[in-house]
2 protein chains.
Amino acid sequence: MRDDPAGLAEQVSSVLRHLVLLLRRTVAGQPLTSQQYGVLGSLEPGPRRMTELAEEHAVQLPTMTVQINRLEDAGLVTRGGDPADARVRTARLTDEGRERLRAVRAARIAHLTEELAALTDDERATLAAALPVLAKLGRS
Amino acid sequence: MRDDPAGLAEQVSSVLRHLVLLLRRTVAGQPLTSQQYGVLGSLEPGPRRMTELAEEHAVQLPTMTVQINRLEDAGLVTRGGDPADARVRTARLTDEGRERLRAVRAARIAHLTEELAALTDDERATLAAALPVLAKLGRS
DNA sequence: CGGGGAATATTAGCCAGGCTAAGTTAGTTG
DNA sequence: CAACTAACTTAGCCTGGCTAATATTCCCCG
């Protein structure tokens, strides 16, 4: 019963639910919601336009507008424009935003590292082997 | 660099983000939100009390109250009581709720099954091996 | 017993984060 | 140059979290 796709699907579904709850707990109480953290992460390489951000986060444009508004109010990003097209607006990290991103990322990695440290070497190896497979899911 | 917990943590973190987005897409447009689906799933074996449901879903009691209110309005669950303790209230699936749960679950499993069918046997085996490890994360 | 604290739920009011619809401003094109 | 399209923003609604404030009911101890 473990190698048929349908049976496996049920197990995967159940594990995914568990991981979602885990992530929720990991994020609770941090100074950034996971969505805000995600957006900041997208800005790390440099300024991005609103439409790009919305697409990358699988979200409608108005939703991203509001997110950026909040981040701007918090002083973590600033808005800019494109000299070649006055319709487009860009968001860019402020220094404070970059620092905040760094700190939150460090906290998350530390948290996960702790979880992983509780596993055996074998378990970590098994997990590492499966990551590329998980990453493939949904790429179709 | 692949077997130190910290490096692994970064990879896991990234894959988790991907999976969260995948789940979001899977759920979009279905006749039940993932939270409602989750609650209905908890009711499948039989009536449950509010506190139990809240704990199981890692949510405060008032949040669960509201969820059940909505499901009740939708005709998918009914409330009951405990003859032995008049303080407790229980939620139970209606026939319609049971049918809805069945349909949504089938759709989700079908979707995941499709994803999994696109993998090779080896990849499925790798994934299956890693599921118990993933399930262990956060149990500490 | 009976009165007070603990347990169980609910309601109310707040916020984040989705959505669609409608409005604005700037390019593009016939 | 008028009309369409593209890029955003604003407004208004919903779900789903939270805490604080009630109600009820149970239970224990004096």
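Numbers restart at 1 for each chain; the letters A, B, ... are given by sequence-line order, proteins then strands.
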Next item on the list: Would you indicate what A:R49 reaches in the nucleic acid, counting non-hydrogen atoms under 4.0 angstrom: base, sugar-phosphate, or nothing?
Entry: sugar-phosphate
Check: Taking atom P of D:dT15 as reference, at what distance in whole Å does atom CD of B:Q60 sit?
Finding: 21 Å
Notebook entry, point to check: Out of C:dG17, D:dC8, D:dG17, which nucleotide sits closest to the side chain of A:Q35?
Noted result: C:dG17
Next item on the list: Round to a whole Å and report the spacing from CZ of B:R89 to P of D:dA23.
Entry: 17 Å
Next item on the list: Would you indicate what B:T51 reaches in the nucleic acid, counting non-hydrogen atoms under 4.0 angstrom: base, sugar-phosphate, or nothing?
Entry: sugar-phosphate
Check: Among C:dG17, D:dG16, C:dA9, which is the nearest nucleotide to the side chain of B:R70?
Finding: D:dG16
Note to self: What's the separation between atom CG in A:L53 and atom CG in A:L61, rounded to the nearest 0.5 Å?
What the structure shows: 9.5 Å
Next item on the list: In plain terms, say whether B:R124 and B:D121 are close enough for a salt bridge, that is, a side-chain N and a carboxylate O under 4.0 Å apart.
Entry: yes
Check: From the list C:dT11, D:dT10, C:dC19, which nucleotide is the closest neighbour of the side chain of A:T63?
Finding: C:dC19
Item checked: Of the listed nucleotides C:dT10, D:dT25, C:dT11, the one nearest the side chain of B:R79 -> C:dT10
Next item on the list: Would you kindly give the CE-to-P distance between B:M64 and C:dA7, to the nearest whole Å?
Entry: 20 Å
Item checked: Residue closer to the 5' end of DNA chain D, B:A86 versus A:T90 (nearest nucleotide) -> A:T90
Checklist line | Stepwise side chain to side chain contact (heavy atoms under 4.5 Å, CB included) check, B:H111 with B:E114 | finding: CA-CA 5 Å; B:H111 188 283; B:E114 242 177 73; 5.8 Å; no
Next item on the list: Let me know the distance between CZ of A:R48 and P of D:dC8, rounded to the nearest Å.
Entry: 12 Å
Check: Reckon A:T33 has a side-chain N or O less than 4.0 Å from the OP1 or OP2 of C:dG17?
Finding: yes
Check: Are A:L8 and B:L119 linked, directly or through other ILVMFWY residues, by side chains that come within less than 4.5 angstrom of each other?
Finding: yes
Checklist line | Separation of atom CG in B:L71 from atom C1' in D:dG16, rounded to whole Å | finding: 12 Å
Check: If you group Ile, Leu, Val, Met, Phe, Trp and Tyr by side-chain heavy-atom gaps below 4.5 Å, do A:M64 and A:Y37 land in one group?
Finding: yes
Check: Roughly how many Å is it from OH in B:Y37 to C1' in D:dG16, rounded to a whole number?
Finding: 19 Å
Check: Roughly, in whole Å, what's the span from CD1 in B:I68 to P in D:dG16?
Finding: 12 Å
Note to self: Taking B:G80's backbone N and O only, do any of them form a donor-acceptor pair with B:R92's side chain (distance below 3.5 Å, no angle check)?
What the structure shows: no
Check: So which nucleotide from D:dT9, D:dC18, C:dT8 ends up closest to the side chain of B:V88?
Finding: C:dT8
Next item on the list: Please state whether the phosphate of C:dT11, meaning OP1 or OP2, lies under 4.0 angstrom from any side-chain nitrogen or oxygen of B:N69.
Entry: yes
Margin query: Quick check for you: among D:dT25, C:dA16, D:dC18, whose closest atom lies nearest to any side-chain atom of B:D85?
Written below: D:dT25
Margin query: Which nucleotide wins on minimum distance to the side chain of A:R87, given the candidates C:dC19, C:dG17, C:dA26?
Written below: C:dA26
Check: Closer than 4.0 Å, any side-chain N/O of A:Q67 to the OP1 or OP2 of C:dG17?
Finding: yes
Next item on the list: Choose from C:dG27, D:dT9, D:dG16 the nucleotide whose nearest atom is closest to any side-chain atom of A:L61.
Entry: D:dT9
Item checked: Whole-Å distance separating the CD atom of B:E72 from the P atom of C:dT10 -> 9 Å
